[in-house]
Amino acid sequence: MKILVILSRIPWPLEKGDKLRAYHQLRCLSKNNEIVLFALNDNRNINEAEAKRQLLPYCSSIRFCNLRKINILWNIVKAFFRGKPLQVGYFYSCRAKKALQQLIAETNPDRVFCQLVRTAEYGKNLPMPTTIDYQDTLSQGIFRREQKAFFLLKPFFKLEYKRLQRYEDKVFEWFDHKTIISKPDRDCLTHPRKEEVTIIPNGVDHQYFTPSVKEKRYDLIFNGNMSYPPNINASKLLAKKILPIVHQTLPDTTLLLSGAQPHEQVKALQSEKITVSGWVDDIRENYAMSRVFIAPMQIGTGLQNKLLEAMSMKLPCITSDLANASLGAEPGTEILTGNTPETFAQHIVRLLTDSNAAESLSEKGHQFILRTFDWEKATEILENVITAERK
């Protein structure tokens, strides 16, 4: 079957969660189907030739459509006055819509698969069966950011939250089939028939993220796209509130903040005991050089790929109840969870001073990931959803 996949970003390099999910879904779907890829691009720094080289093994046709900054600004303004979410306006372009229509006429796909509601305007009202992957409940992510936002920004986030919530309900009616990354995200949808949305979890490449023995240079590691607000928030919590409590007991504890595009607020956390690495070509090196992985997420939605990777590499992991709600690991046995700086600090001290506890947690967490998260199994479910007939 020929499947047209519409993405809001080029899925290479894999420094963001939506790109990682899209890349592996393309890879797995291509085994039984012909893939036509249409990806928007708002980042002129991406090497499009290299991205195509990486994606061509899985796609028969690839079309990238660059979004111009002046058009993005104008479309945001139009979205504001039309009552649409601003991030939907950000990713919509009449020029891109025409390019997509031309691609559809040229390739005549049997099915269309859109990732994130940002691309819903491109996928609605098409003649063939369509599927939308909500991935995360974006409205809930904005709601959580509004709770932590500077008071002058709260009205902006509140408006975007309400618009996204209404838009997510509309999108439900536009598409034949719907998917999402986790049950907690599906529960956040407000549509009365949200139970019809199929849960498609992420996976992890267990052949790539394998346990590795290296000299430990860091006690703690937190990894992710460091320009993403939930990761910025978690980094600041780690550096300013959690680590000082740990230092009261273990004054030499070190922290590695690892990931692409570190925000200025993250760069400012660099110190004698805190390293900000930025992008690394092989994140496995940073995982292997660290003793404990911690992701104290306070805002955001979806499934944390960083936890899947760290547990696949057999690191003992600590996270928040919020992040573990999507992960589903057993607290105290497969992962340690907390919600306050004091609790996170207690967990860190325990794992750094009790090797038996750390080894038991890492082993049980590793076994949990191996049996629960697999790209091939997850995408098999997705393939059945996409290729189904219209209801």
Side-chain angles (χ1 to χ4, degrees), residues 6-11 16-19 22 38-46 48 63-104 112 114-126 130 132-175 188-191 225 227-230 232-233 261 263-265 299-301:
I6 304 175
L7 305 176
S8 59
R9 292 191 178 102
I10 296 173
K16 297 177 185 290
D18 58 329
K19 297 168 75 169
F38 181 84
L40 305 169
N41 179 34
D42 66 338
N43 184 355
R44 295 301 174 88
N45 295 321
I46 286 181
E48 293 191 11
R63 186 78 54 88
F64 297 152
C65 189
N66 292 319
L67 300 176
R68 300 167 181 166
K69 298 298 182 184
I70 186 65
N71 290 343
I72 288 174
L73 180 61
W74 174 237
N75 287 324
I76 288 175
V77 172
K78 288 197 295 184
F80 177 80
F81 286 106
R82 291 175 179 176
K84 291 183 178 180
L86 300 189
Q87 60 182 285
V88 173
Y90 182 104
F91 286 98
Y92 184 75
S93 160
C94 292
R95 186 172 61 87
K97 181 77 170 182
K98 290 179 181 177
L100 175 65
Q101 290 171 338
Q102 181 181 358
L103 182 63
I104 290 174
V112 172
C114 297
Q115 186 193 66
L116 294 167
V117 296
R118 296 167 180 163
T119 64
E121 297 290 331
Y122 298 98
K124 69 177 183 180
N125 299 327
L126 293 178
T130 56
I132 183 80
D133 180 23
Y134 283 98
Q135 185 169 304
D136 308 339
T137 309
L138 294 182
S139 61
Q140 189 65 18
I142 294 295
F143 173 77
R144 289 170 181 156
R145 288 179 63 182
E146 187 258 331
Q147 303 303 300
K148 304 275 186 180
F150 182 58
F151 78 96
L152 290 178
L153 294 177
K154 284 183 178 291
F156 162 78
F157 282 112
K158 188 173 184 179
L159 178 64
E160 183 72 353
Y161 160 65
K162 290 185 176 298
R163 288 185 174 189
L164 267 171
Q165 200 172 53
R166 290 194 297 267
Y167 192 78
E168 286 165 346
D169 281 352
K170 289 182 180 179
V171 165
F172 189 100
E173 302 298 337
W174 294 345
F175 288 80
C188 290
L189 294 173
T190 58
H191 196 281
N225 171 20
S227 64
Y228 182 48
I232 297 171
N233 176 270
Q261 302 172 334
H263 190 274
E264 291 303 318
Q265 294 181 50
I299 55 178
T301 55

ask   = Can you tell me how far the CZ atom of F64 sits from the CZ atom of F38, to the nearest 0.5 Å?
value = 11.0 Å

inquiry  = Are more than 12 heavy atoms, taken from residues, nucleotides or ligands other than R68, located less than 6.0 Å from that residue's CZ atom?
reply    = no

task = Kindly say whether I10 contributes a backbone atom to a donor-acceptor pair with the side chain of E48 at under 3.5 angstrom?
result = no

task = Tell me, with the steps shown, if Q87 and I142 meet side chain to side chain contact (heavy atoms under 4.5 Å, CB included).
result = CA-CA 11 Å; Q87 60 182 285; I142 294 295; 4.3 Å; yes

task = Using a cut-off of 6.0 Å, state whether more than 12 heavy atoms not belonging to F81 lie near its atom CZ.
result = no

remark   = Smallest heavy-atom separation, A149 atom then L153 atom, equals CB-CB, 4.4 Å

message = Take a 6.0 Å sphere around NZ of K78 and say whether it holds more than 12 heavy atoms from other residues, nucleotides or ligands.
response = yes

key: Q115 side chain vs Q135 backbone, donor-acceptor pair below 3.5 Å   = no

message = What verdict does the side chain to side chain contact (heavy atoms under 4.5 Å, CB included) test give for K97 and C65, after you've listed the backbone C-alpha separation in whole Å, the side-chain angles of each residue and the deciding distance to 0.1 Å?
response = CA-CA 10 Å; K97 181 77 170 182; C65 189; over 6 Å; no

Donor-acceptor contact below 3.5 Å, side chain Y92 vs main chain A120 = no

Rounded distance (nearest 0.5 Å) linking atom NZ of K154 with atom CZ of F157 = 9.5 Å

ask   = If you look at every heavy atom in S227 and I232, which pair is closest and at what distance?
value = O-CD1, 3.7 Å

ask   = Under 3.5 Å, side chain of E168 to main-chain N/O of L189, donor-acceptor pair present?
value = no

From CG (L86) to CG (N75), nearest 0.5 Å = 11.5 Å

request  = Could you go through the side-chain hydrogen bond (donor to acceptor under 3.5 Å, both in side chains) check for E121 and Y167 one step at a time?
outcome  = CA-CA 11 Å; E121 297 290 331; Y167 192 78; 2.7 Å; yes

message = Could you work out, with ring-ring contact (aromatic ring centres under 6.0 Å, His included) as the rule, every residue matching F91, not counting sequence neighbours?
response = none

request  = Sequence neighbours left out, what pairs pass salt bridge (Lys or Arg N to Asp or Glu O under 4.0 Å) with at least one residue falling in residues 135-148?
outcome  = none

message = Does L152, at its CG atom, have more than 12 non-hydrogen atoms belonging to other residues, nucleotides or ligands within less than 6.0 Å?
response = yes

key: Member of F172, W174, F175 meeting the ring pair (Phe, Tyr, Trp, His ring centres under 6.0 Å) criterion with H191   = F172

remark   = Value for CG (L159) from CG (L164), rounded to nearest 0.5 Å, stands at 10.0 Å

ask   = In this structure, which one of V112, T130, L103, I132 forms a side-chain contact (heavy atoms from CB on, under 4.5 Å) with I6?
value = V112

query = So which heavy atom on T119 is nearest to which on S8, and how close?
reply = CG2-N, 3.6 Å

request  = List the steps, then state whether side chain to side chain contact (heavy atoms under 4.5 Å, CB included) holds for R118 with Y90.
outcome  = CA-CA 8 Å; R118 296 167 180 163; Y90 182 104; over 6 Å; no

inquiry  = Working to the nearest 0.5 angstrom, can you tell me the gap between C188 SG and Q165 CD?
reply    = 9.5 Å

key: Minimum heavy-atom distance L40-Y122, with the two atoms named   = CD1-CE1, 3.7 Å

R166 and K162: CA distance, side-chain angles, deciding distance, side chain to side chain contact (heavy atoms under 4.5 Å, CB included) verdict = CA-CA 6 Å; R166 290 194 297 267; K162 290 185 176 298; 4.0 Å; yes

query = Roughly how far apart are C94 SG and W74 CH2, rounded to 0.5 Å?
reply = 11.0 Å

note = Between S139 and Y161, the two heavy atoms sitting closest are O-CD1, 3.1 Å

inquiry  = Please check: side-chain N/O of R44 versus main-chain N/O of N66, any donor-acceptor pairing under 3.5 Å?
reply    = no

For the student: nearest non-hydrogen atoms of A22 and P11, plus distance = CB-CB, 4.1 Å

